[in-house]
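Report on the following structure.
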Amino acid sequence: MLHGGAAPFDADMQPRLLLVDDEPRLLASLHELLRDRGYHLVTASSGSEALAQLSRLRFDLVLLDLRLPDIGGHEIMDFINAKQIDADVIVMSGEVGIDAAIGAVKRGAYDYLRKPYSREELLKTVANALAQRRLKLENERIAQQLENSEKMYRYLVDSSPDIIYTLNHEGRFTFVNDRASQLLGYTREELIGKHYSVVVHEEDLERARYVFNERRSDDRASRNVELRLKCRTGSGHERTFNNTLMTIALNSIGMHVPDHDVKKHEFFGTYGVARDITDRKRAEELISYQAYHDILTDLPNRILFKDRLGLALIQAKRKGTELAVMFIDLDRFKLVNDTLGHVKGDELLQQAALRLKECLRRGDTLARQGGDEFTIVLPELRDRADACMVADKFLECLHQPFDLDGHQVHISASIGIAIYPGDGETIDELLRHADIAMYQVKGLGKNGHSFYHASMQDVSTQKIELERSLRNALENDELEMYYQPQIDVVTGRIVGAEGLMRWNHPQRGLLSAGEFLPFAEENGLMLPISDWMIGALCRDMLKWNQAATGPVRLSLNVSPQYLDRGDFFEKMRGALARYGIAPAQIEVEITENICIRNPQYAIEQLNKLCQLGVSVAIDDFGTGYSSLSYLHRFPIHTIKIDQSFVKEIHDEHGHYPVILAIISIARGLGMNLVAEGVETEAQARYLEANGCATMQGYLYYRPIALPDFIGALRGQAGGQGAVAIQA
């Protein structure tokens with residue numbers, strides 16, 4: 001311990017010596033002898049003076065006479081030891097007895113010189129004492145540095161985020177840092193001396209044997225070997241480690257002791273660093289899972305489905321068995337999605353996926369292709385009856401209503417089935433043919449299943465050709481508007497007409513709207529076709545206005561796509577201005593499944609039309625989900641009674657509450673009323689008797705071309721009417 005906080009001995013500083021002797025002549029002689037030798041000298045002629053100097057200053061060496069008049073030299077040494085003064089002592093004494101020397105040595109004297117001593121002996125003793133002190137202090141400094149370095153190394157090792165360990169040549173732990181306890185749950189004492197196998201997962205022991213017994217210390221040593229280590233939590237939790245082995249020289253792996261006699265290095269263990277990569281592995285597994293699964297339904301996606309189908313095909317070919325591929329499309333899903341919104345649509349898909357999964361056999365794979373389409377592979381098929389049974393289960397499970405937060409929704413499915421190897425031997429062939437079979441079901445009314453047949457390929461080819469021809473129909477002026485007159489049954493006069501789009505196909509003749517407009521919607525052609533319709537109607541109106549004795553109103557049944565995506569208001573306003581048509585002659589029809597994806601935009605466009613003078617009618621009223629809410633949200637002026645309700649009228653004296661309710665709503669809200677699909681006298685009389693006076697249907701007129709419609713207008717004295725366009 002350094003007295004008084006004094007600095008330790010430094011070779012660049014003069015050593016300070018305390019000379020103590022009560023004989024002035026000897027003290028002066030001693031001072032003279034040591035002067036000019038690089039020492040800082042301080043003298044004391046008594047014991048009390050020596051104690052005062054020792055208390056005030058730091059000394060490296062004390063030359064002490066034992067026999068002093070007040071305090072003896074032994075007492076001064078006791079003071080030095082008691083105060084832990086860091087100073088060496090050389091005793092100079094004229095005592096001839098052995099006790100004085102023994103007492104000095106016991107008290108830690110560096111040396112004992114008997115008086116009279118020689119000059120050389122004293123100088124050599126002083127030099128040796130200072131040299132030894134210098135070495136001692138240097139050793140202490142080095143030891144302190146080593147201790148600090150070891151503390152720093154241990155701090156770094158124990159603070160490392162990785163497990164750092166050493167093993168002996170038997171593979172037993174000789175050192176582990178604190179991280180091992182934190183990650184594995186074992187204390188250091190529990191691991192030291194244990195074989196590494198106690199913490200290695202049983203399935204990884206063979207690989208661990210090479211890593212934990214690594215003897216190489218060059219670039220060939222084990223790097224980035226992944227192992228699973230067992231934690232002591234007891235929960236079965238395992239962590240994965242990236243094990244990189246290194247030597248004690250920080251860069252190599254095997255630890256060796258050099259043997260200079262045989263010029264070899266004896267292996268005595270390994271040094272390693274194990275990095276915990278559990279979170280990284282989990283993230284990689286999650287990314288991999290998401291890459292092959294649909295996030296919404298948690299089903300395999302099309303990539304994983306094709307992979308599993310490929311494996312199933314290999315097995316089927318090897319075993320000579322059949323397998324089935326199904327393509328499922330949910331019927332009415334788009335209507336639900338548009339009406340209730342995408343959130344409810346997603347919930348419906350999730351519920352439908354769960355129901356379909358419950359119908360699967362062991363080994364079957366259900367995947368989501370996208371949208372409302374699902375695919376299924378049924379391996380090891382015994383016969384087609386197995387596929388029929390599974391398809392029937394699908395249809396049955398989907399038949400039950402779905403509850404979407406209080407909304408009861410009914411859907412069905414169209415299922416196409418292709419059988420390997422008869423319907424195709426490749427993944428793409430089977431999927432394409434199952435898809436074609438599914439569209440066959442849709443064309444026959446949906447809600448069923450059908451096996452692929454080669455004849456369906458011709459139908460599919462016809463659809464492709466129809467799509468191609470439809471794209472050319474606009475350029476070739478093949479589209480035409482037909483009109484079905486509307487009758488005021490009180491006067492018997494034509495008060496309007498509902499127009500229907502027709503396609504004069506070069507090979508197939510006259511096609512109705514239902515035969516080609518679905519293809520237009522699927523293939524993005526509704527916008528240009530709707531643009532053509534607005535122009536055609538305005539041109540036709542110029543002609544029938546010349547034939548009619550009064551103004552005739554026109555209702556446009558606008559496609560949801562057109563109202564949602566097209567600049568409908570601007571185009572309509574521009575066309576009316578260009579052809580000089582009065583806005584009051586126009587009535588825009590919307591259906592209950594109008595594009596609800598962006599209802600506010602639709603309402604804004606319709607309100608603009610109303611401000612312009614155009615009126616709005618709701619078509620197919622009562623057949624959808626949100627009839628009454630539409631009457632409040634949209635600016636409705638006319639309600640059209642759907643023909644599905646009109647067909648139920650068989651007796652003019654019967655009771656048909658739905659019809660009466662619709663008529664009552666229109667009357668209560670002060671709206672116009674038009675009945676569609678009137679085909680019998682009983683229907684006409686019942687409607688008229690209960691308050692509906694405007695009708696259209698085969699009882700009066702079929703849809704007719706423009707010249708015939710103009711002829712019908714000229715054939716009556718006059719009147720007002722409404723013409724509706726059903727595209």
Side-chain angles (χ1 to χ4, degrees), residues 1-23 26-68 71-144:
M1 180 175 178
L2 300 177
H3 174 66
F9 180 82
D10 192 329
D12 296 332
M13 297 176 62
Q14 285 187 333
R16 182 180 287 122
L17 279 58
L18 177 60
L19 312 179
V20 184
D21 202 311
D22 62 334
E23 295 184 20
L26 292 176
L27 185 60
S29 175
L30 183 60
H31 185 278
E32 185 64 26
L33 177 63
L34 297 173
R35 193 171 61 117
D36 299 329
R37 294 185 180 275
Y39 306 138
H40 182 75
L41 303 177
V42 177
T43 60
S45 58
S46 65
S48 58
E49 188 178 352
L51 293 179
Q53 294 290 2
L54 286 168
S55 299
R56 187 172 63 89
L57 298 173
R58 179 195 62 81
F59 292 94
D60 298 299
L61 186 60
V62 179
L63 279 62
L64 178 63
D65 184 16
L66 285 182
R67 186 180 295 174
L68 297 170
I71 301 174
H74 286 162
E75 286 75 9
I76 293 175
M77 293 182 70
D78 289 339
F79 176 82
I80 291 174
N81 291 331
K83 297 296 185 181
Q84 295 183 344
I85 296 173
D86 184 23
D88 292 319
V89 178
I90 298 175
V91 175
M92 304 174 297
S93 175
E95 298 283 348
V96 295
I98 192 64
D99 292 339
I102 292 174
V105 172
K106 283 183 177 180
R107 289 171 172 80
Y110 171 77
D111 207 346
Y112 187 91
L113 298 179
R114 291 185 182 277
K115 295 180 182 179
Y117 46 79
S118 67
R119 179 171 178 263
E120 290 73 14
E121 183 182 12
L122 177 65
L123 292 174
K124 183 178 180 182
T125 301
V126 170
N128 287 343
L130 292 174
Q132 179 176 299
R133 179 176 179 79
R134 185 181 301 109
L135 288 174
K136 176 187 173 185
L137 292 175
E138 181 65 19
N139 287 338
E140 289 178 354
R141 185 180 66 81
I142 293 174
Q144 185 65 42

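Everything numeric in this text was worked out from a predicted model, so none of it was measured.
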Basic-acidic side-chain contact under 4.0 Å: Asp21, Lys115:
yes
Using a strict 4.0 Å threshold on nitrogen-to-oxygen distance, state whether Asp88 and Arg133 make a salt bridge.
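Arg133 and Asp88: salt-bridged.
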Quickly, which of Glu140, Arg141, Arg134 forms a side chain to side chain contact (heavy atoms under 4.5 Å, CB included) with Leu137? Name it, please.
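Only one option passes, and that is Glu140.
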Any side-chain heavy atom of [X] within less than 4.5 Å of one from [Y]?
X     : Y      : value
Leu66 : Tyr112 : yes
Phe59 : Leu17  : no
Ser46 : Leu68  : no
Lys83 : Phe79  : yes
Val62 : Ile90  : no

Between the side chains of Glu121 and Thr125, is a donor N or O closer than 3.5 angstrom to an acceptor N or O?
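There is no such pair between these side chains.
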Side-chain donor-acceptor pair present, Gln53, Arg56, cut-off under 3.5 Å:
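Distance-only check passes for Gln53 and Arg56.
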What are the two closest non-hydrogen atoms of [X] and [Y], and how far apart are they?
X     : Y      : value
Asp65 : Ser93  : OD1-CA, 4.1 Å
Ala50 : Ile76  : CB-CD1, 4.0 Å
His31 : Leu41  : O-CD1, 3.7 Å
Asp22 : Arg67  : OD1-O, 3.6 Å
Val91 : Ala109 : CG2-CB, 3.9 Å
Leu18 : Ala44  : CD1-CB, 4.2 Å

For [X] and [Y], indicate whether the former's side chain and the latter's backbone hold a donor-acceptor pair under 3.5 Å.
X      : Y      : answer
Arg58  : Leu54  : no
Gln132 : Asn128 : no
His74  : Arg107 : no

So, taking the atom named CZ in Arg119 and the one named OG in Ser29, what distance separates them when rounded to the nearest 0.5 Å?
9.5 Å
Rounded to the nearest 0.5 Å, what separates atom CG in Leu64 from atom CG in Leu113?
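Reported value, rounded in 0.5 Å steps: 11.5 Å.
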Going through the checks in order, is the side-chain contact (heavy atoms from CB on, under 4.5 Å) test met by Val42 and Leu19?
CA-CA 6 Å; Val42 177; Leu19 312 179; over 6 Å; no
Let's go through Tyr39 and Gln14 carefully: what are the C-alpha distance in whole Å and the side-chain angles of both, what is the deciding distance for side-chain contact (heavy atoms from CB on, under 4.5 Å) to 0.1 Å, and is it a yes or a no?
CA-CA 5 Å; Tyr39 306 138; Gln14 285 187 333; over 6 Å; no
Quick one, Leu122 with Leu30, criterion side-chain contact (heavy atoms from CB on, under 4.5 Å). Give me CA distance, side-chain angles, the key distance, then yes/no.
CA-CA 9 Å; Leu122 177 65; Leu30 183 60; 3.1 Å; yes
Output, in order, the C-alpha distance, side-chain angles, deciding distance and verdict of side-chain contact (heavy atoms from CB on, under 4.5 Å) for Leu63 and Leu34.
CA-CA 11 Å; Leu63 279 62; Leu34 297 173; 3.9 Å; yes
